[in-house]
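What follows is one structure encoded as structure tokens, with my remarks underneath.
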Amino acid sequence: MASLCNNSSTNSLKTPFTSSSTSLGSTPKPSQLFLHGKRNKAFKVSCKVTNTNGNQDETNSVDRRNVLLGLGGLYGVANAIPLAASAAPTPPPDLSSCSIARIDENQVVSYSCCAPKPDDMEKVPYYKFPSMTKLRVRQPAHEADEEYIAKYNLAVSKMRDLDKTQPDNPIGFKQQANIHCAYCNGAYRIGGKELQVHNSWLFFPFHRWYLYFYERIVGKLIDDPTFALPYWNWDHPKGMRFPAMYDREGTSLFDETRDQSHRNGTVIDLGFFGNEVETTQLQMMSNNLTLMYRQMVTNAPCPRMFFGGPYDLGSNVELPGTIENIPHGPVHIWSGTVSGSTLPNGAISNGENMGHFYSAGLDPVFFCHHSNVDRMWSEWKATGGKRTDITHKDWLNSEFFFYDENENPYRVKVRDCLDTKKMGYDYKPMATPWRNFKPLTKASAGKVNTSSIPPVSQVFPLAKLDKSISFSINRPTSSRTQQEKNAQEEMLTFNSIRYDNRGYIRFDVFLNVDNNVNANELDKAEFAGSYTSLPHVHRAGETNHIATVDFQLAITELLEDIGLEDEDTIAVTLVPKRGGEGISIENATISLADC
């Protein structure tokens with residue numbers, strides 16, 4: 001999927017957002033407030049990157065930092081990047097300036113992704129929710145019965161018919177798919193700056209509104225106002241396979257541009273970044289539940305970590321939230337075709353359809369996937385603690401543009417989509433086993449002998465991460481009290497990671513293991529997180545593709561679980577998963593940071 005990254009401004013806000021609980025005091029740590037490789041695929045993100053000489057490639061670019069966040073990393077990076085980063089309410093797109101969308105630096109989308117333009121954008125009203133007598137209840141796709149599947153197929157068939165008879169009709173299937181293309185592949189500009197709804201706090205509200213109108217259009221076409229979209233229940237073992245209702249050839253819900261090897265009951269890898277993991281189905285499910293726990297609980301204790309950072313129009317800084325990064329992205333990659341393979345029409349694949357932003361909406365399973373992504377928003381808030389919606393006005397007042405089921409244009413605001421029931425829908429409850437899947441099993445017994453491995457000063461700077469490496473590192477303090485832990489997180493930081501960002505990058509981080517650790521088993525207490533970077537698509541003419549980033553992980557909870565709280569020195573192991581030969585790291589440190 002291609003996305004366009006964003007700039008930061010030199011202005012700052014004193015308080016980017018607040019939550020209902022802003023004082024840590026002596027309350028439990030945020031993450032504890034809930035008690036209880038064979039084949040490669042390409043997935044691309046377009047971005048204006050930092051040049052090593054400090055020059056800027058685009059006149060609209062201000063801050064050239066390339067902030068790419070990995071599994072577990074957003075929680076730490078939030079402390080490295082001021083939460084007072086500049087932002088402003090994002091206005092709806094200027095449809096009069098909608099232009100060509102790009103697939104990559106050399107290819108443009110062959111058709112227009114622009115929505116039909118209203119006669120006068122200034123007169124487009126704000127949307128008001130219609131009256132309702134019954135909530136639309138979204139159900140898991142794996143529980144859908146034949147009657148429901150037939151109704152949904154009929155609706156999508158009618159939408160596809162509109163593509164043939166009324167190609168400019170905004171409720172047609174392709175026009176609905178083009179919404180994602182226009183908002184995500186550089187077609188929309190505001191004040192000359194490209195609009196992007198990924199990699200920031202816009203991700204969740206944009207897609208919630210997008211699905212809201214799509215769902216109402218589907219209901220309208222089959223004359224059923226109670227129709228609700230299904231959700232791909234990939235966070236539960238029963239839903240960790242491609243939904244069967246979308247895999248029936250010859251139906252409107254089927255899409256031939258999917259990875260054929262991931263059909264027929266293959267268990268999904270929620271951390272998929274292009275390489276197949278050779279393991280059992282049971283271990284894959286266990287890995288998936290561990291990832292969900294880390295992304296929903298451990299690494300998302302506050303709004304900033306879950307939703308992502310403030311969006312600065314036209315900027316190049318990526319600040320995605322935990323769920324947008326994983327599993328949202330990997331599910332897209334896992335579902336789409338292998339980049340470089342031959343598509344059914346004879347063209348060379350760019351990851352179509354699900355694996356690229358411009359084409360993702362052309363696969364009906366896109367809406368099923370994002371229905372579950374949206375459900376995670378509700379599940380996250382239900383977890384409690386500081387897990388509340390952002391209250392900053394720049395987020396609440398950001399706007400988008402959509403057509404409703406009656407083909408009427410509307411503006412919508414983020415502030416109006418915070419409560420699904422007020423929007424007229426809810427989710428059928430399903431068990432969430434990941435809530436109780438905190439990894440406690442240890443990969444090794446006892447404490448690794450730190451004197452037997454080289455200290456951090458002898459390992460870094462690291463020229464290339466072409467094999468697993470272990471090092472010992474001193475902590476700033478040990479045996480901290482609960483109050484001290486509540487006030488500050490212990491952060492493991494990797495400084496100045498450099499690599500060519502046109503390729504896949506991933507390495508995993510473990511504590512208290514040596515370089516013989518089984519890195520395919522993530523359901524271990526020692527697993528701290530992963531650094532990941534998707535291939536970035538650059539504009540034509542860009543020549544420098546070297547990214548430089550810092551990566552941080554919060555390790556307070558892990559030190560407790562492993563039993564290392566009283567140790568002055570700990571062992572850290574890095575395991576390259578993809579592109580390690582091109583990764584260099586300047587240094588690694590441990591410090592304390594305010595939550």
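Every heavy atom of this structure was used, including side-chain atoms; hydrogens, water molecules and symmetry mates were not.
The environment of CD in E147 is sparse: at most 12 heavy-atom neighbours from other residues, nucleotides or ligands sit within 6.0 Å. Heavy-atom neighbours of D119 CG from other residues, nucleotides or ligands within 6.0 Å: at or below the threshold of 12. More than 12 heavy atoms of other residues, nucleotides or ligands lie within 6.0 Å of CG in L343, so this atom counts as buried by the packing criterion. A 6.0 Å sphere centred on NZ of K117 holds more than 12 heavy atoms belonging to other residues, nucleotides or ligands. No more than 12 heavy-atom neighbours from other residues, nucleotides or ligands sit within 6.0 angstrom of CG on D223.
To the nearest 0.5 angstrom, Y403 atom OH is 9.0 Å from N408 atom CG. To the nearest 0.5 Å, atoms CE (M240) and CE (M284) are separated by 10.5 Å. Distance OG/S200 to CG/D312: 10.0 Å, rounded to 0.5 Å. Remark: E405 CD to I171 CD1 distance equals 8.5 Å, nearest 0.5 Å. Here the CE-NE2 distance, from M430 to H236, works out to 4.5 Å after rounding to the nearest 0.5 Å. Atom CD of E407 sits about 8.5 Å away from atom NZ of K220, to the nearest 0.5 Å.
For D104 and R102, the salt-bridge test fails: no basic side-chain N is under 4.0 Å from an acidic carboxylate O. Taking the charged nitrogens against the carboxylate oxygens, K428 and E143 do have a contact shorter than 4.0 Å, which makes a salt bridge. A salt bridge links E249 with R263: at least one charged nitrogen is closer than 4.0 Å to a carboxylate oxygen. We find that D404 and R216 are not joined by a salt bridge, their nearest charged nitrogen and carboxylate oxygen being 4.0 Å or further apart.
Residues R258 and M354 form no side-chain contact, since every pair of their non-hydrogen atoms from C-beta on lies 4.5 Å or further apart. You'll find the side chain of W209 stays beyond 4.5 Å of the side chain of Y214, heavy atoms only. Between D363 and T257, the closest side-chain pair of non-hydrogen atoms is not below 4.5 Å. S530 is not listed as a side-chain neighbour of F507, based on a closest heavy-atom distance of 4.5 Å or more. A 4.5 Å side-chain heavy-atom check between I583 and P576 finds every atom pair outside the cut-off. Contact of the M423 side chain with the R208 side chain is registered, since non-hydrogen atoms from C-beta on lie closer than 4.5 Å. Looking at heavy atoms from C-beta onward, H262 lies in side-chain contact with T266 at the 4.5 angstrom threshold.
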Residue pair Y427, D374: steps toward the side chain to side chain donor-acceptor pair (under 3.5 Å) verdict: CA-CA 10 Å; Y427 289 94; D374 182 72; 2.5 Å; yes
Which is it for F206 and Y183 under the ring pair (Phe, Tyr, Trp, His ring centres under 6.0 Å) test, yes or no, and what are the steps along the way? CA-CA 9 Å; F206 167 79; Y183 271 99; 4.6 Å; yes
Run the numbers on C98 and C113 for disulfide bond (SG atoms under 2.5 Å apart), then give the verdict. CA-CA 8 Å; C98 187; C113 293; over 6 Å; no
Kindly determine whether H180 and H198 satisfy ring pair (Phe, Tyr, Trp, His ring centres under 6.0 Å), including the steps that lead there. CA-CA 10 Å; H180 202 258; H198 291 82; 5.2 Å; yes
Please step through side chain to side chain donor-acceptor pair (under 3.5 Å) for the pair K577 and N275, ending with a clear verdict. CA-CA 8 Å; K577 288 290 189 72; N275 284 339; over 6 Å; no
Is there a side chain to side chain donor-acceptor pair (under 3.5 Å) between Y499 and Y531? Walk through the geometry before answering. CA-CA 12 Å; Y499 54 88; Y531 179 80; 2.7 Å; yes
Verdict with reasoning, Y212 to Y127, per ring pair (Phe, Tyr, Trp, His ring centres under 6.0 Å): CA-CA 12 Å; Y212 170 83; Y127 185 75; 5.7 Å; yes
Passes side chain to side chain donor-acceptor pair (under 3.5 Å), N350 versus Q107? Steps please. CA-CA 10 Å; N350 294 288; Q107 300 180 79; 3.1 Å; yes
Determine whether D224 and K151 satisfy the following criterion, salt bridge (charged side-chain N to carboxylate O under 4.0 Å, His left out), listing intermediate values before the conclusion. CA-CA 9 Å; D224 182 2; K151 289 172 63 175; 2.4 Å; yes
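Taking each heavy atom of V373 and F204 in turn, the nearest pair found is O-CE2, 3.3 Å.
Ring to ring, F400 and Y210 are not that close: their centroids are 6.0 angstrom or more apart. Separation of the W380 and F307 ring centroids falls under the 6.0 Å cut-off.
Listed by first and then second residue, the salt bridge (charged side-chain N to carboxylate O under 4.0 Å, His left out) pairs involving residues 326-335 amount to none (not counting sequence neighbours).
For Q176 (side chain) and P170 (main-chain N/O), a donor-acceptor pair under 3.5 Å exists by modelled atom type. Here the side chain of N153 pairs no donor or acceptor atom with the backbone of T251 at under 3.5 angstrom. Checked by atom type and distance alone, the side chain of N288 pairs as donor or acceptor with a backbone atom of L270 at under 3.5 Å. Of the possible donor and acceptor atoms, one in the side chain of D163 sits under 3.5 Å from a partner among the backbone N and O of K174. Here the side chain of E399 pairs no donor or acceptor atom with the backbone of V412 at under 3.5 angstrom. The backbone N or O of Y425 lies less than 3.5 Å from a partner atom in the side chain of T420, making a donor-acceptor pair. A donor-acceptor pair under 3.5 Å is absent between the side-chain atoms of T322 and the main chain of M296, judged by distance alone. A distance-only check finds no donor-acceptor pair linking the side chain of E352 to the backbone of S359 [under 3.5 Å]. Panel note: side chain Q196, backbone C184; a donor-acceptor pair is recorded below 3.5 Å. With hydrogens and angles disregarded, a donor-acceptor distance shorter than 3.5 Å links the side chain of S398 to the backbone of D394.
Using bins of under 30°, 30° to 60° and over 60° for the plane-to-plane angle, the ring pair H328/F203 lands in the perpendicular bin. Ring geometry for H356 against Y358 counts as perpendicular: the plane angle is over 60°, on a 0 to 90° scale with 30° as the lower cut. Note: W395 and W201 have tilted aromatic rings, judged against thresholds of 30 and 60 degrees for the angle between ring planes. A perpendicular orientation is assigned to the rings of W232 and F242, their planes being inclined by more than 60° (bins at 30° and 60°).
By the 6.0 Å and 45° rule, R138 does not stack over the aromatic ring of Y231. With a 6.0 Å cutoff to the six-membered ring centre and a 45° limit on the axis angle, K158 does not count as a cation-pi contact of F173. Judged by the 6.0 Å and 45° rule, K413 forms a cation-pi pair with Y126.
When each of F367, F402, F401, F129 is tested with F213 by the rule ring pair (Phe, Tyr, Trp, His ring centres under 6.0 Å), just one qualifies, namely F402.
The closest side-chain donor-acceptor pair between T337 and D259, if any, does not fall under 3.5 angstrom. Using modelled atom types, one finds a donor on one side chain and an acceptor on the other under 3.5 Å when comparing D235 with W434. In this structure, a donor-acceptor pair under 3.5 Å is absent between the side chains of N233 and K238.
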